[in-house]
Amino acid sequence: MIQRSINGVSIGAIGLGCMGMSWAYGTPDNAQSVAVLRRALELGVNHWDTADLYGSGENESLLSQILPEVRDQVFLATKFGNVYDRAMTSHQDLVEMNAPWIVDGTPEYAHKCIDRTLKRLGVDHVDLYYLHRVDARTPIEETVGAMAEMVKAGKVKALGLSEVSTATLKRANAVHPIAAVQNECSLWTRDFVDTVIPACQEMGIAFVPYSPLGRGFLTGQIKSVDDLIVSDGRRNHPRFAEENFAANMRIVETVRAVARRHDATPAQVAIAWTLSLGDHVAPIPGTKRVKYLEENAVAASLSLTDADVAELNSITPASGPRYLETAMAHTNR
Ligand SMILES: NC(=O)c1ccc[n+]([C@@H]2O[C@H](COP(=O)([O-])OP(=O)(O)OC[C@H]3O[C@@H](n4cnc5c(N)ncnc54)[C@H](OP(=O)(O)O)[C@@H]3O)[C@@H](O)[C@H]2O)c1
């Protein structure tokens, strides 16, 4: 596995998004997910990404089933800031958006979260602690100031921000070095390619593209929204909605054409494209299946040509926003 670096630590270029193991996508299967985590380490996929939000702590608890045995082999990243115990707590809440999405970046809440997270994970520190969303009512300097205290206390090794603009990143970085930015980025979400991604490179900060497979859409395996179970959170995503689905399938056709030339899969091409964005880019495709994990890991050795990248970069923008407006309101634009 080729390597990337976050906070001076060498990690597998392809990480593992753990969210879907417990929340939002399909039916959780903990035994299968633990098998994925074990196989991930055999493949060098040692950058694991979770959050307190995912299943209201269930995803962190799932990781705790294996962490005691493998803690020193894992670069462990988690997040706080989305108020998980008063917000969307079930798949159904997520689908119906029937609970408010609250963001809290106050120092008091931050300190409470890290202690609960360490307890749930069963570890004494995390390698990377992200603010999941910027709290519009709390100056970023205050939130990052609190996060810096966690570094001092040894609870956290490095700090990250998720869904952040370059301007906010610079303000935060002036308070304490930011090691990584995690924003949505994939062939159908290229919003940060000319902004936050080069800014991170200049500032020596890793960029972690989340949902690099377009929440599974770019793999071509989802043929219709009816392929998703009724409680699947993607039913709430505008790009999966009936009015946008067919138009977005045209994106998959281009990805598939590039994949054919390399005897690869669309998933591998989508991941390889994110890696082509720079040596500071470390994607975290999500899966709860060993088969997909193994397939995705191979993307680290897929070399796209300049012509492939140009063709992929010319893909028509996706039809539909990447989130509903209620969720877009919490992105730091
Ligand atoms: N910071 C944030 O706000 C934020 C937001 C969203 C996600 N994230 C993080 O980013 C990670 C990845 O994003 P994501 O899970 O939203 O989306 P993703 O990685 O773009 O796609 C995940 C979906 O693709 C499917 N999949 C994975 N590999 C596949 C393959 N080779 N062939 C066919 N299907 C495949 C998975 O299926 P199965 O589930 O069946 O395996 C899952 O449904 C998350 O797990 C989470 O850690 C962060």
Side-chain angles (χ1 to χ4, degrees), residues 4 6-7 11 15-20 23-24 47-55 59-60 75-84 87-88 94 101-106 109-110 113-114 117 126-144 146-148 150-151 156-173 175-186 189 191-193 195-197 199-200 203 205-212 215 233 274 277 280-286 322-323 326-333:
R4 293 294 197 250
I6 300 183
N7 191 36
I11 54 162
L16 178 61
C18 299
M19 177 183 80
W23 196 59
H47 169 202
W48 295 359
D49 186 82
T50 179
D52 58 8
L53 177 73
Y54 304 158
N59 196 231
E60 290 182 334
F75 184 85
L76 183 59
T78 188
K79 322 182 192 75
F80 80 100
N82 286 318
V83 183
Y84 65 94
M88 296 167 296
L94 187 72
W101 182 331
I102 303 160
V103 174
D104 189 341
T106 59
Y109 183 70
C113 285
I114 186 61
T117 272
V126 294
D127 300 297
L128 177 60
Y129 200 43
Y130 290 101
L131 176 64
H132 209 155
R133 290 290 183 273
V134 174
D135 177 359
R137 296 158 309 168
T138 305
I140 191 70
E141 289 81 359
E142 278 183 29
T143 309
V144 174
M147 294 167 78
M150 299 171 197
V151 178
V156 161
K157 294 285 184 213
L159 305 185
L161 301 173
S162 175
E163 280 298 343
V164 76
S165 68
T166 303
T168 305
L169 171 61
K170 286 185 173 164
R171 281 172 55 196
N173 199 52
V175 176
H176 186 280
I178 300 298
V181 166
Q182 181 178 136
N183 285 7
E184 182 171 355
C185 179
S186 68
T189 302
D191 310 36
F192 305 106
V193 167
T195 55
V196 178
I197 295 176
C200 283
M203 295 167 77
I205 295 171
F207 183 85
V208 176
Y210 80 72
S211 302
R215 301 185 164 81
T274 64
L277 296 169
H280 66 307
V281 178
I284 45 165
R322 59 194 180 95
Y323 282 115
T326 39
M328 279 306 286
H330 287 303
T331 61
N332 182 234
R333 289 169 278 182

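For the single chain, residues carry numbers from 1 onward in sequence order.
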Participant: Let me confirm one number: the CG-CG distance from N332 to L161, rounded to the nearest 0.5 Å.
Facilitator: 8.5 Å

Participant: Does V164 offer a backbone N or O that forms a donor-acceptor pair with the side chain of N183 under 3.5 Å?
Facilitator: yes

Participant: Checking the side chain of H280 only, and the main-chain atoms of I197 only, is there a donor and an acceptor separated by less than 3.5 Å?
Facilitator: yes

Participant: Going by heavy atoms in the side chains, are S162 and R133 under 4.5 Å from each other?
Facilitator: yes

Participant: Looking at D135 and T106, what are the two nearest heavy atoms and their distance?
Facilitator: OD2-N, 4.2 Å

Participant: Can you find a heavy atom in the side chain of V193 that is under 4.5 Å from one in the side chain of L277?
Facilitator: yes

Participant: So, T50 versus N59: side-chain donor-acceptor pair below 3.5 Å or not?
Facilitator: yes

Participant: Do the ring planes of Y54 and W23 sit parallel (below 30°), tilted (30 to 60°) or perpendicular (above 60°)?
Facilitator: parallel

Participant: Rounded at 0.5 Å granularity, tell me how far CG in N173 sits from CG in L159.
Facilitator: 10.0 Å

Participant: When you compare the side chain of C113 with that of Y129, does any pair of heavy atoms fall below 4.5 Å?
Facilitator: yes

Participant: Among V151, I6, N7, L76, find the one that has a side-chain contact (heavy atoms from CB on, under 4.5 Å) with K157.
Facilitator: N7

Participant: Would a 4.5 Å heavy-atom cut-off, applied to side chains only, mark F80 and L131 as touching?
Facilitator: yes

Participant: Please confirm whether the backbone N or O of G105 pairs with a side-chain atom of T143, one donor and one acceptor, at under 3.5 Å?
Facilitator: yes

Participant: Measuring only between side-chain heavy atoms, which start at C-beta, is H47 closer than 4.5 Å to R4?
Facilitator: no

Participant: Hey, could you give me the CD1/NZ distance between I205 and K170, rounded to the nearest 0.5 Å?
Facilitator: 9.5 Å

Participant: Identify the two heavy atoms, one from V83 and one from Y109, that lie closest to each other, and give their separation to 0.1 Å.
Facilitator: CA-OH, 3.4 Å

Participant: Mind listing the closest non-hydrogen atom pair of A51 and H132 along with its distance?
Facilitator: CB-CE1, 3.6 Å

Participant: Where is the tightest heavy-atom contact between P283 and V281, given as atom of each residue plus distance?
Facilitator: CD-O, 3.7 Å

Participant: Output the distance between atom CG (L128) and atom CH2 (W48), rounded to the nearest 0.5 Å.
Facilitator: 15.5 Å

Participant: I want to check something: taking the side chain as every heavy atom from C-beta on, are Y323 and H330 in contact at a cut-off of under 4.5 Å?
Facilitator: no

Participant: Quick one: OG1 on T274 to CZ on F207, what's the gap to the nearest 0.5 Å?
Facilitator: 9.5 Å

Participant: Dump the intermediate steps for side chain to side chain contact (heavy atoms under 4.5 Å, CB included) on N82 and I102, then the final yes or no.
Facilitator: CA-CA 6 Å; N82 286 318; I102 303 160; over 6 Å; no

Participant: Does F192 reach the side chain of C200, with side-chain heavy atoms less than 4.5 Å apart?
Facilitator: no

Participant: Taking all atoms of both residues into account, what is the closest heavy-atom pair of M150 and A110, and its distance?
Facilitator: CE-O, 3.4 Å

Participant: Identify the two heavy atoms, one from G160 and one from M147, that lie closest to each other, and give their separation to 0.1 Å.
Facilitator: O-CE, 3.7 Å

Participant: What I'd like to find out is whether the side chain of T189 reaches to under 4.5 Å of the side chain of S211, using heavy atoms alone.
Facilitator: no

Participant: Sub-3.5 Å donor-acceptor pair from the side chain of D49 to the main-chain atoms of G17, do we have one?
Facilitator: no

Participant: May I ask you to say whether E163 pairs ionically with R322, meaning some side-chain N is under 4.0 Å from a carboxylate O?
Facilitator: yes

